Amino acid sequence: MVRITEVAQHLGETVRLQGWLYNKRSSGKLQFLQLRDGSGVIQCVVFKGDVPEFIFEEAGHIGQETSVWVEGTIKEDTRSALGFELSVSQLGVISHAYDFPISPKEHGVAFLMENRHLWLRSARQVAILKIRATLMKAIRQYFDDRGFTNVDAPIFTPNACEGTSNLFEVEYFEKTAYLTQSGQLYMEAAVMALGKVYCFGPVFRAEKSKTRRHLTEFWMVEPEMAFVEHEENLQIASELIAFAVQSVVQNCQAELTVLERDVAKLEAITLPFPRITYDEAIKILHHHGRTDVVWGDDLGGDEETLVSQAFDKPVIIEKYPVTLKPFYMKRNPENPQQVLNMDIIAPEGYGEIVGGSQREDDLAVLEGLIAEHGLDDAVFRWYLDLRTYGSVPHSGFGLGLERLVAWICGLHHVRECIPFPRLMDRLSP
RNA sequence: UCCCCAGUAGCUCAACGGCAGAGCGUUCGGCUGUUAACCGGAAUGUUGUAAGUUCGAAUCUUACCUGGGGAGCCA
């Protein structure tokens, strides 16, 4: 059996293809069957004079998404979108499909989401899934090639990493457990064993957010590095993004074309990335008339977009006020009002894709911060152990996969960036 | 959680107080090169649910349900 991507190597040969009927047109004694097999789409031409009567008859009665096998000769033909087509000599139905609900016409979001399991078969969704897979592979390759060890963080956790309000509670025998919202604290433990680590898996946030940038279940890659301080942390995050984007540009030309993505904008994503401090971001906002934003305010979606519009690459915003960030971030020794953190904002209004920081590594300081934030000391005992036994400077960050996919694919909403999205009001299919 | 918008044929929508409609899809027929093909015939409805106003409600009012867009929060 031959896959559709490979047909160019079989020019003039008789081959057998298997797949699903994507669309069909006919013209008297000709039937044009668009066959897809997951690797591509090819036009199969059934000419009445070339096949037995019953095959021509059957070809005229198969519905969209019927699974079929076809045998025929691969021919070069410029009238076909692929440049090749299959001249059919034999055809058989594997399983009929009647009234497939998603026709090649426009549909509303609600209907498509309700039929997500079938929507995945469309050319756009196939392209997005392939780009997502390419990004995941590139991200893993980036870390694996640089001496990182992939370590898996637990999904059940006994407590909050960043806050208590946004966690999903689950019954855990006689106790309550929570679904993880970040693997970071566990990576901080693992990094003291392995030096450079990363985890890559789903995380869960019970935020009641209804925006184009939010999912309740999303995938995050979280590297953590020992002996790495703020400056290097920032460089690695930038390098990772540039590497992942260029990997898609090189390997996913066909998919980017299906999505009608402006590839020149992606090709321009090269190092170095622009870098500003939180203080400078506030100045940029004031310069654009947003005088309502004052120092100490967090930057929301609108503010991020406004700042990022000044640049055509991802922009790094660093050194936020301590009051805006979680307890574990290390303070800037040169200015205790600031933490050594960074957010990376994607261009074209896609928002924050990376958040990270150097971690506080001093036991006494960290104990003070936990108390200051009103957190339960006992819960963080094991985390404090990491500062008790051979603490070292270390840093890390988290990168949200779906937002990266949305930006690279040029999609309006993250719900198309994951096979089966979980949203505040949607748990199925 | 708050604010705004929308639910009519399988889908996308029209009808906006007076006969329930179109395109696509489906189905039947036509065409030897179609590119979301085209041409002709046919079938398809508890107008989201419940109540109210009215001679008369898809249309106006109220509540609820479902979905969409945005805010806050975040990756």
Side-chain angles (χ1 to χ4, degrees), chain A residues 22-34 41-50 56 60-65 75 77-82 85 87 97-115 118-119 122-124 161-163 165-167 181-184 202-222 237 241 297-304 324-326 342-346 350-356 397-407 412-415 417-418 423-426:
Chain A
Y22 196 57
N23 200 1
K24 185 178 66 177
R25 291 178 284 271
S26 67
S27 178
K29 298 189 170 59
L30 284 166
Q31 313 252 18
F32 302 96
L33 310 179
Q34 312 300 320
V41 179
I42 189 169
Q43 175 159 279
C44 303
V45 183
V46 187
F47 176 50
K48 198 168 185 177
D50 287 351
F56 189 79
H61 287 90
I62 54 179
Q64 188 190 350
E65 290 303 315
K75 291 179 176 166
D77 199 312
T78 49
R79 289 171 293 186
S80 169
L82 188 67
E85 55 183 32
S87 187
Y98 302 107
D99 299 325
F100 187 74
I102 304 177
S103 61
K105 284 276 180 180
E106 58 189 313
H107 296 286
V109 172
F111 177 76
L112 290 171
M113 289 293 281
E114 204 58 52
N115 290 285
L118 303 176
W119 186 22
S122 72
R124 272 179 65 82
C161 297
E162 290 180 12
S165 57
N166 296 329
L167 292 166
Q181 60 181 339
S182 164
Q184 184 202 316
V203 293
F204 308 87
R205 308 256 168 117
E207 289 156 3
K208 293 189 173 174
S209 309
K210 283 183 63 173
T211 83
R212 70 173 77 111
R213 301 191 310 280
H214 284 85
L215 296 164
T216 55
E217 177 182 309
F218 67 96
W219 281 61
M220 189 156 70
V221 59
E222 295 178 275
I241 291 169
D297 286 351
D298 206 353
L299 306 179
D302 287 350
E303 290 80 35
E304 285 174 354
L324 294 177
K325 292 293 171 181
M342 52 142 179
D343 283 352
I344 301 184
I345 315 298
Y350 282 95
E352 184 181 348
I353 48 173
V354 162
F397 59 88
L399 181 152
L401 180 66
E402 288 74 17
R403 287 191 185 172
L404 181 68
V405 174
W407 164 43
H412 177 69
H413 199 298
V414 288
R415 66 186 158 215
C417 299
I418 185 166
L423 299 150
M424 187 179 146
D425 293 317
R426 183 166 296 281

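Nothing here was measured: the structure is a model prediction, and the numbers come from that model. Below, read A as the first sequence line, B as the second, and so on, with proteins coming before strands; counting in each chain starts at 1.
The CG-C1' distance, from Leu167(A) to rC74(B), rounds to 13 Å in whole Å. Atoms CD (Glu207(A)) and P (rC2(B)) sit 18 Å apart, rounded to a whole Å. Separating the CG atom of Asp302(A) from the P atom of rG69(B) is a distance of 16 Å, rounded to the nearest angstrom. Protein atom CE of Met342(A) is 12 Å distant from nucleotide atom P of rA75(B), rounded to whole Å. A straight line from CE of Met424(A) to P of rG70(B) spans 14 Å, rounded to a whole angstrom. Rounded to an integer number of Å, the gap from Phe100(A) CZ to rC11(B) P is 14 Å. With rounding to whole Å, Leu324(A) atom CG is found 14 Å from rG72(B) atom P. Taking atom NE2 of His107(A) as the reference point, atom C1' of rG10(B) lies 10 Å away to the nearest angstrom.
For Arg426(A), the salt bridge (Lys or Arg N to Asp or Glu O under 4.0 Å) criterion is met by Glu114(A), not counting sequence neighbours. Taking the side chain to side chain donor-acceptor pair (under 3.5 Å) definition, one finds that Asp297(A) meets it with nothing, sequence neighbours left out. Residues that satisfy the side chain to side chain donor-acceptor pair (under 3.5 Å) test with Lys325(A), not counting sequence neighbours, are Asp343(A). Remark: Asp77(A) engages Arg79(A) in a salt bridge (Lys or Arg N to Asp or Glu O under 4.0 Å) (not counting sequence neighbours). Under the ring pair (Phe, Tyr, Trp, His ring centres under 6.0 Å) criterion, His107(A) pairs with Phe111(A), sequence neighbours left out. Considering only residues two or more places apart in sequence or on other chains, Glu303(A) meets the salt bridge (Lys or Arg N to Asp or Glu O under 4.0 Å) condition with Arg290(A). Applying the side chain to side chain donor-acceptor pair (under 3.5 Å) rule to Thr211(A) yields the partners His214(A); only residues at least two apart in sequence or on another chain are considered. Remark: Glu85(A) engages Gln43(A) in a side chain to side chain donor-acceptor pair (under 3.5 Å) (not counting sequence neighbours). Here Arg124(A) pairs with Glu416(A) under the salt bridge (Lys or Arg N to Asp or Glu O under 4.0 Å) rule; sequence neighbours left out.
Within 4.0 Å (heavy atoms only), Arg213(A) reaches at least one base atom of the nucleic acid. Note on Val203(A): nothing from the nucleic acid sits closer than 4.0 angstrom, heavy atoms only. Within the 4.0 angstrom heavy-atom criterion, base atoms lie near Phe218(A). Residue Leu215(A) is in base contact, counting any heavy-atom pair closer than 4.0 Å across all strands shown. As judged by a 4.0 angstrom heavy-atom cut-off over every strand, Glu106(A) is placed among the base-contacting residues.
In plain terms, the two heavy atoms of Glu217(A) and Ile418(A) that are nearest each other are O-CD1, 3.8 Å. For Glu222(A) against Gly398(A), the heavy-atom pair with the smallest separation is CG-CA, 3.9 Å.
Mapping Asp343(A) and Thr211(A) onto RNA chain B via the closest heavy atom, the residue that lands nearer the 5' end is Thr211(A). Of the two residues near RNA chain B, Ser103(A) and Ala81(A), the one whose nearest nucleotide lies more 5' is Ser103(A).
Side-chain contact check for Tyr22(A) versus Ser122(A): some heavy-atom pair is nearer than 4.5 Å.
Stem regions annotated for RNA chain B: B:1-7 with B:65-71, B:10-13 with B:21-24, B:26-30 with B:38-42, B:48-52 with B:60-64, counting only runs of 3 or more consecutive pairs of Watson-Crick or G-U type with both contacts under 3.5 Å.
In this model, no donor atom of one side chain and acceptor atom of the other lie less than 3.5 Å apart for Thr216(A) and Glu207(A).
The same atom, P, is picked in rA57(B) and in rA51(B); the two are 14 Å apart, to the nearest Å. Comparing the same atom, P, in rG21(B) and in rC2(B) gives a spacing of 41 Å after rounding to whole Å. Going from the P atom of rU66(B) to that of rG41(B) covers 43 Å, rounded to whole Å. Comparing rA50(B) with rU8(B), their P atoms sit 16 Å apart, to the nearest whole Å. Comparing rA58(B) with rU53(B), their P atoms are spaced 16 Å from each other, to the whole Å. Of the P atoms belonging to rC5(B) and rC64(B), the separation is 16 Å, rounded to the nearest Å. Remark: the separation of the P atoms in rG10(B) and rU26(B) is 15 Å, to the nearest Å. Comparing the same atom, C1', in rC11(B) and in rC16(B) gives a spacing of 23 Å after rounding to whole Å.
For the atom pair CD of Glu352(A) and CZ of Arg213(A), the computed distance is 9.0 Å after rounding to the nearest 0.5 Å.
OP1 or OP2 of rG69(B) has not a single side-chain nitrogen or oxygen of Arg212(A) nearer than 4.0 Å.
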Check nucleotides 63-68 of chain B against the protein and report each pair of N or O atoms closer than 3.5 Å, with its distance, or say if there are none.
| from | atom 1 | to | atom 2 | distance (Å) |
| --- | --- | --- | --- | --- |
| rG67(B) | OP1 | Asp425(A) | O | 3.2 |

For nucleotides 26-34 of chain B, read 5' to 3', which letter fits each nucleotide if B means a protein heavy atom sits under 4.0 Å from the base, S means only the sugar-phosphate is that close, and - means neither? S-S--BBBB
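With distances taken from any side-chain atom of Asn166(A) to the nucleotides rA75(B), rC73(B), rC24(B), the minimum falls on rC73(B).
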